[in-house]
Amino acid sequence: MDGVTGRGKYLALAVLLLPSLIGMGAFYILPVISSLVLSFSKWDLLTPIQWIGIGNYVRAVSDPAVQQALRNTLTFILGYLPAVVSIGLGIALLLNRRLKGRTIFRAIYFVPVVTSWVAVSLVWKWLLNPQYGLINWLLSLIGIQGPGWLFDPSWAMSGVILATIWKDIGFVTVIYLAGLQEIPENLIEASEIDGANAWQKFWSITWPLLAPTTFFVTTISLISSFQVFDQVFIMTNGGPVGSTTTMVQLIYKNAFGYGQMGYASAISWVLFALIFTVTLAQNILQKRMDRSDG
Amino acid sequence: MTFVHKSIAALLLVTAISSPAFAQTTVKYMTFSAAPDYLEELDATVAAFEAAHPDINVEVETAAYNDYFTKLQTVIAAGQAPDAFELNYENFVAFANRGVLADLDPLIAADTGFSTSIYNPTALAAFSQGGKQYGLVESFSNVVLFYNKDLFDKAGVAYPTADWTWTEELEAAQKLTDAANGVWGTLAPIQFWEFYKTIAQNGGSMFNADKTEVTLDSAANIETLQWMVDKVNKHHVTPTDAEMAGQTDGDLFKAGKVAMLRTGIWMFGDFLANANFNWDIALEPGKTNKAHHFFANGVAVSATSANQQAAYEWLKFLTSSKEAVEIRIGAAWELPAVSDPAYVQGYLDQPKPESREVVFQALDTAVTPPVINNWTQLTDIVGQELEAAKLGQKTPQQALTDAAAAVKNIL
């Protein structure tokens, strides 16, 4: 905005930002505010709203369905997060070398990230089909009888996690690749002169210098995995026996299945508080680690 | 004049000639029962209606049954309600209670020469609430025992008869099951709807008569659930979910992999077109009682519609006109809920399946859905416990005790 000063500058800014502000206001800020207001109400979408104070929150804290959904969500995070970060990093390290056709590989790993969850879920549903799926067929070749996957309550979440890891690896890889570009070449060269082997180079130079990237990747992935929904909705719809009902799946079911908008909004805010706390804790931890390093 | 100008002029002329002198009213109609097997029949019904009412244009929107009520509720809440829409009996109660349906009584009263006596009176009464008619009844359907005659012949087993009980069914199923070829003797899904019907076949119910008490965990019901689960896990005459691997029971039947299947008469169209073997229907075997599902679909006008009169005209045509009823019967698209016995005869006269009279015999032992206000929650709670029993996570007794406790909270 060079050359424009004072009020004119703000006016110009406002005009330029207006289109995205309208969109953000209508589809993001307004719904956030109304969900907060609705969380203190009983509303089935069709009949008038009744105000019930903090009743929904009291109910959410003691509801076994919420506890089960929270347990399922944490199971998902435990299975998903360490795996996606470590595999993503591994692939980034491979693709960072002077590999023939590495641009093609980078593109291949990124394709699932930009594919719609609907398509990916349907393909994985087939891959995981206990009778006709590719995965159980491959397992049968090495003499293993594959599990019932999405039809078996003790395996369904693993199936969802597998599909999610496959889809998200590309994202983690791209972020790590960018992080790897930031590492000064001369540090690596210096360590080579000092006689460091590949593992020492990684452990003493690459990994510590990737810390900001690792922090970013885990934070983003953690937040999104607290909100896991699309793949669950399509692959299992929360079943069998509620074994894949995650927090957002539960919120959706209460809001649109049972017509309990107020209660669903309250659970949403409980989930928000949870994500906020975890992210804050992660932030503090990261800052402390930075300080001890410096 | 350029070509474009000429074209526009010609277009205007054509429009002026072809458009009727009166204003066109568009009625938006949302339905689940037509998709996916009866879309052609619905189109034909719409065409017949528009021919009789050139001033009304019907715009159809369909959604699959599983998504339909969520979608309908959302569009109504968003102020985008279709002028007219289909409701099954289970959901009708909740929608009527929430004031989103137009009272049809004034429209019916003003409609000279039309009498609701054209409908089956019991079925019509199902779509009234608090003394007001909020819907017209559209169709009936029920569930019977479908069987693959070729598989019975091959195994040398006599066809099911009305005297069969669960015992005879199990004996036959054991002879018919051919594990090597992936053929299963009998199949009834273990889910909410099948459950409330099957417990009635053993004299049980989910609630007491006035629905103030939960009777889900009665001894008879536990025994019934045990029987349902045993067919899968003990007798192996019914496939597990993993063995079905995402195929529907209808798919398995059409593929000749199931000898006996309990499913709805809405499958007639699909099976007649796609099952390449001889099949017929019979009454369901029971234990102490005969019991058969009874489902009714109705149609209602939105309370906020600006075109209530036109919407009513369309619904009246869809549910009771000669054209619509004949299209419905011809395609075996459920049963029209009209009282004229001539239509029943028309239904019975269709060649396949042979024992069509079974559809009417089953009505004598009809069980209506145990509707309560929190209907979707009820189906989810009980459904999840049944699934736990089916997968061996809980004993039938545990599952039903837990279900009863949870249902008490939403009653």
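Quick note: numbers below take in every heavy atom, side chains included, and nothing from hydrogens, waters or symmetry partners.
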Worksheet item: Side chain, backbone, both or neither: which part of A:Lys253 has an atom under 4.5 Å from a heavy atom of chain B?
Response: side chain

Worksheet, complete the sentence: Of A:Gly259, A:Gly148, A:Pro153, A:Gly133, the largest count of non-hydrogen pairs under 4.5 angstrom with chain B goes to A:Pro153

Worksheet item: Taking B:Asp380, B:Thr240, B:Leu391, B:Thr74 one by one, which has the highest count of heavy-atom pairs under 4.5 Å against chain A?
Response: B:Asp380

Discussion item. Between A:Thr47, A:Asp152, A:Val241, who has the most heavy-atom pairs with chain B when the cutoff is under 4.5 Å?
Written reply: A:Val241

Worksheet item: Any side-chain heavy atom of B:Tyr89 within less than 4.5 Å of one from B:Phe127?
Response: yes

Worksheet item: Measuring heavy-atom distances to chain A, does B:Glu243 have an atom under 4.5 Å in its side chain, in its backbone, in both, or in neither?
Response: both

Practice prompt. Taking atom types as modelled, find out whether A:Asn237 and A:Gln249 have a side-chain donor-acceptor pair closer than 3.5 angstrom.
Written response: yes

Fill in: Engaged part of B:Ile76 at the chain A interface, taking heavy atoms whose separation is under 4.5 Å
both

Worksheet item: Which atoms of B:Phe95 come close to chain A, meaning under 4.5 Å heavy atom to heavy atom: side chain ones, backbone ones, both, or neither?
Response: side chain

Worksheet entry | Non-hydrogen side-chain atoms of B:Asn148 and B:Val183 separated by less than 4.5 Å | no

Worksheet item: Does a side chain donor of either A:Ser35 or A:Ser268 reach within less than 3.5 Å of an acceptor in the other side chain?
Response: no

Worksheet entry | Atom group of B:Asn374 that falls short of 4.5 Å from chain A, counting heavy atoms | neither

Worksheet, complete the sentence: Turns out that what part of A:Tyr132 lies under 4.5 Å from chain B's heavy atoms comes down to side chain

Worksheet item: Can B:Asn91 and B:Tyr68 be counted as having a side-chain donor-acceptor contact under 3.5 angstrom?
Response: no

Discussion item. With no hydrogens and no angle check, just 3.5 Å: does a side-chain donor-acceptor pair link B:Ser305 and B:Gln308?
Written reply: no

Discussion item. For the interface with chain B, which of A:Phe256, A:Trp149, A:Trp126 has the highest count of heavy-atom pairs at distances below 4.5 Å?
Written reply: A:Phe256

Item to complete: Please state whether the side chain, the backbone, both or neither of A:Asp44 comes within less than 4.5 Å of a heavy atom of chain B.
Response: both

Discussion item. If only side-chain N and O atoms count, and only distance matters, is there a donor-acceptor pair under 3.5 Å linking A:Thr75 with A:Asn72?
Written reply: no

Item to complete: Could you tell me whether B:Lys28 and B:Glu61 have a side-chain N and a carboxylate O separated by less than 4.0 Å?
Response: no

